[in-house]
*Asks:* 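The structure's right below; bear with me while I get my questions together.
The chains referred to below are lettered A, B, ... by the order of the sequence lines, with proteins before strands, and numbering in each begins at 1.
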Amino acid sequence: MVPSPALETREDERGSVHHLTLKTTVIGAFPKISDDPGGQHLRSALHRHDRGEIDDAVLDAAYAAATKGAIEELDAAGIDVINDGHIRWDDLFAPFATAWGGVSRGPLERCYDNNTYFRQPLIEGALTTDGKTLVADFTYARSLAKGEVKAAICGPLTFATLAIDKHYRSLEDRVGAVTDALVKELEGLREAGATLVDVEDPAIVALPQHIELAREAYTRLHRAGVPLALQTYFFPADRVLEDLASFPVAQVGIDIRSRDTTALRRLDVFGDKVVVLGALDARNTRLETRDELTALAEQALKLVKPERLWLAPTTSLEFLPHDVVTKKLAVLVDAARAAGGVPA
Amino acid sequence: MTQTTGGLRPPRTPQARENPPRELLTTTVGSFGKPDYLQKARNAFARGKLTRAELEELERKATTEWIRIQEELDLDILVDGEMYRGDMVAHFAELLEGYTEGGLVRAYGNRYYHKPIISGPIRRPKPMTVDWWKFAQSLTDRPVKGMLTGPYTMLDWSYNEAYPTRRDAALALAEAIREEAEDLERAGAKYIQIDEPAIHARPEELPIAIEAMAIVTRNLKAKTISHICYGDFAAIYPGVLELPVDQLDLAMVNYEYKYLDLFEKDPFTREMAIGIVDVHKHELETVAEAAEGIRKGLKYVSAERLLPHPDCGLKTRPVEESIAKCRVVVEAAKLVRAELAKKAVPA
């Protein structure tokens, strides 16, 4: 395998030359069930719990088993930086709308341009949290994973723009309150040992008119003292690319597959930030080839140093069936190695 | 299904059926919950423990029961209840050439579906719903809607591996659905509903949805309807008024009727089926609440062109809840009809 011409090399203390392999990561949720025999244990447990046939402890064990399974699969696929698969997350807002004060889970709404639905956060009072909403999940994931584990929270703009608000007077007030609560969650995660936290905020690219409001929110999130990876998806980041580059975050994730975008030709704006390149289409079953992904990575490598380029799916893997996810992750890892000049 | 429609009045007399109301005709969106025996039968069929013929017999039984229930409820325009469908896209995907079945993906909560894959050229080898429509219509004197899923939604809720663009796939699907719609009309359907709940998924693609729907409806003389729900209706309004159908069928109560405000600036120009009971919550609306929803709609659409109904299909609700929700719709319509009649007759 001939390494990409744009790829840098590094010499170790013995003088051997190593090509840098691009890191891989995932975003959002991993499929909770599969079509395989025995692959629907969690689904079945939830049905049985609804019918009162099992208690909370048995359901909790089913969640734990599914989380363990997701982590093992992500590790086995060779993903460098994994998450816990969000197995306990009913949707992007559910953990927070369930645990926080002042908000509950409201009516169903479509998740952007997907045939997937979420319960809108229904804000009826001042938002409060002890900041420990995700600590147990993160700690559990870290105890199981072989490598690096990142945590995740929902983005303040996405939460605030998709909520039904019967308490705060304006979007600005709502974003501020959500941000304050998320800062506490970040502090809780930091104390639990998190060294990187995804902030899933597709609203930033869906509603670019609110970019300054988002900037203010991220400036406050940054003060929690844990490196942040701002993950955008579904929509092109074209209109806010320079803005995102100036946000106080360590990483920015962009989706280069869902719609036409010029971002791939403008990645140099990100300077010393890590670019999480959403190159693997997580919303279509068509299986990419390794060369297809490698070509995208090499295009990015003309503008971004390899240690600052991570390859990733465009968004949550839960938009795909489990068997397709398995195949796609294999291609992703293969492509990252190929782009780094490592023989497949 | 146990026919425990307790509290229902007896079916209308033949004479009454010959004189259906002309205002605030009541209807439903399409699906009803499957009775336990049918759900069990479908599971048994999936495990190979039941033959197709045995399953179909039970599907006909459930369809018959739902037609009777709708008559007893005194709904005006009926549906077959979709007892033979898994979901609104997968059913057609199973019958169209060019599709393969995908694996399970989550829709929300603990609900999953087999999202189909467009893997080759789309073609309709034979009619897909006509026999079911004929069967349902044979059971009642009241009109039964022909029920189809629109080409844009078929595309959007499928993975597309075969066509180079989404437009190409939508237009190919439109041709297949047009054939089905025309067959329904030939069979006698007076109402043909072509659902497009995904139409606001990508507002920038509204022109594709309109172009595709024009293919489906271009030769039809039947009343055409399109159901739209759960999304940002404001993002496609007023452009959606260009969708070439006679009636738009809209979820409203779930949004606390906020989308009616759009009609202040850009008047609504179609017939409107208005959602007045929420299909995603167990709590039952009162007749007074539902009637208030109808009155809100009457600010923008005349009673002859306003059809009260639930926000969406009722398949996620247990049978008894579905019946109770429909009863509220019918009673609310009757209440408001009486109010309108009082106003029309000078004291």
Side-chain angles (χ1 to χ4, degrees), chain A residues 29-36 39-40 42-50 59 89-91 94 105-120 161-162 164 166 206-207 234-235 258-260 281-287 316-327, chain B residues 87-90 100-119 152-166 169 197-205 228-233 235 251 253-256 258 278-281 283 311-312 316:
Chain A
F30 192 81
K32 293 172 176 53
I33 67 166
S34 79
D35 292 81
D36 298 334
Q40 297 190 33
L42 179 59
R43 186 187 192 189
S44 164
L46 282 162
H47 283 312
R48 293 176 64 205
H49 187 261
D50 281 349
L59 178 62
W89 296 35
D90 204 31
D91 55 50
R105 301 189 69 206
L108 278 179
E109 179 59 288
R110 189 186 306 280
C111 175
Y112 292 103
D113 56 354
N114 303 287
N115 184 24
T116 302
Y117 301 78
F118 66 96
R119 293 222 170 257
Q120 287 182 277
T161 52
L162 294 180
I164 298 171
K166 301 195 172 181
L207 302 166
F234 300 151
F235 303 94
S258 289
R259 287 172 165 84
D260 291 340
D281 191 345
R283 296 198 292 170
N284 200 347
T285 46
R286 190 185 70 80
L287 191 60
S316 163
L317 293 164
E318 218 184 358
F319 295 106
L320 292 170
H322 180 269
D323 62 325
V324 177
V325 167
T326 304
K327 291 175 192 158
Chain B
D87 78 64
M88 61 185 292
V89 170
T100 51
E101 186 184 76
L104 283 167
V105 290
R106 202 160 67 100
Y108 65 93
N110 201 27
R111 290 186 176 274
Y112 292 79
Y113 69 110
H114 286 279
K115 186 168 177 177
I117 302 168
I118 303 171
S119 52
Y152 184 80
T153 296
M154 286 293 297
L155 157 72
D156 197 64
W157 293 1
S158 306
Y159 299 113
N160 172 27
E161 296 189 9
Y163 288 89
T165 69
R166 288 166 60 85
I199 196 168
H200 30 34
R202 297 183 178 210
E204 72 274 18
E205 291 185 347
I228 295 171
C229 62
Y230 301 109
D232 187 1
F233 185 70
V253 68
N254 184 57
Y255 297 102
E256 298 179 345
K258 71 177 181 181
D278 191 339
V279 304
H280 286 296
K281 66 177 190 185
E283 293 80 15
D311 255 356
C312 193
T316 60

*Asks:* Side chain to side chain contact (heavy atoms under 4.5 Å, CB included) with B:Arg106: which of A:Thr116, A:Asp90, A:Ile33?
*Replies:*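 Output: one option passes, namely A:Asp90.
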*Asks:* At a 4.5 Å cut-off on heavy atoms, which part of B:Asp156 comes close to chain A: side chain, backbone, both, or neither?
*Replies:* side chain
*Asks:* Does any heavy atom of chain A fall under 4.5 Å from the side chain of B:Glu204, the backbone, both, or neither of them?
*Replies:* side chain
*Asks:* For B:Asn160, is there any backbone N or O sitting under 3.5 Å from a side-chain donor or acceptor partner on A:Asn284?
*Replies:* yes
*Asks:* Taking side chain as everything from C-beta outward and backbone as N, CA, C, O, which of these in A:Phe234 sits under 4.5 Å from a heavy atom of chain B? Side chain, backbone, both or neither.
*Replies:* neither
*Asks:* Between B:Val89, B:Asp278, B:Ile117, which shows the greatest number of heavy-atom pairs under 4.5 Å with chain A?
*Replies:* B:Ile117
*Asks:* Heavy-atom distance under 4.5 Å to chain B: side chain of A:Gln40, backbone, both or neither?
*Replies:* side chain
*Asks:* Test side-chain contact (heavy atoms from CB on, under 4.5 Å) on A:Glu109 and B:Tyr255 and set out the steps.
*Replies:* CA-CA 10 Å; A:Glu109 179 59 288; B:Tyr255 297 102; 3.1 Å; yes
*Asks:* With sequence neighbours left out, what residues match B:Thr316 under side chain to side chain contact (heavy atoms under 4.5 Å, CB included)?
*Replies:*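 Side chain to side chain contact (heavy atoms under 4.5 Å, CB included) check on B:Thr316 returns B:Tyr108, B:Arg111, B:His280.
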*Asks:* Could you check whether any side-chain N or O of A:Arg110 sits under 3.5 Å from a backbone N or O of B:Tyr230, counting only pairs where one atom can act as donor and the other as acceptor?
*Replies:*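 Indeed, once roles are kept as given, a pair shorter than 3.5 Å links the two residues.
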*Asks:* Among A:Gln120, A:Arg259, A:His322, A:His47, which has the most heavy-atom pairs under 4.5 Å with chain B?
*Replies:*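 Going by pairs under 4.5 Å, I would pick A:Arg259.
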*Asks:* Can you find a heavy atom in the side chain of B:Asn110 that is under 4.5 Å from one in the side chain of A:Lys32?
*Replies:*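 SC-SC contact between B:Asn110 and A:Lys32 ruled out.
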*Asks:* Please state whether the side chain, the backbone, both or neither of A:Arg283 comes within less than 4.5 Å of a heavy atom of chain B.
*Replies:* both
*Asks:* Could you check which of A:Leu42, A:Leu108, A:Thr285, A:Asp35 has the highest count of heavy-atom pairs closer than 4.5 Å to chain B?
*Replies:* A:Thr285
*Asks:* Could you look at B:Leu104 and say if it's the side chain, the backbone, both or neither that has a heavy atom under 4.5 Å from chain A?
*Replies:*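 For B:Leu104, backbone and side chain are both near chain A.
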*Asks:* Which residues pass the ring pair (Phe, Tyr, Trp, His ring centres under 6.0 Å) test with B:Tyr163, not counting sequence neighbours?
*Replies:*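 Partners of B:Tyr163 by the ring pair (Phe, Tyr, Trp, His ring centres under 6.0 Å) criterion come out as none, since no residue qualifies.
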*Asks:* Please state whether the side chain, the backbone, both or neither of B:Pro203 comes within less than 4.5 Å of a heavy atom of chain A.
*Replies:*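 No part of it gets close to chain A.
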*Asks:* Pick one of side chain, backbone, both or neither for B:Tyr113, based on which atoms fall under 4.5 Å of a heavy atom in chain A.
*Replies:* side chain
*Asks:* Would you compute the distance between atom CD of B:Glu256 and atom CD1 of A:Ile164 and round it to the nearest 0.5 angstrom?
*Replies:* 6.5 Å
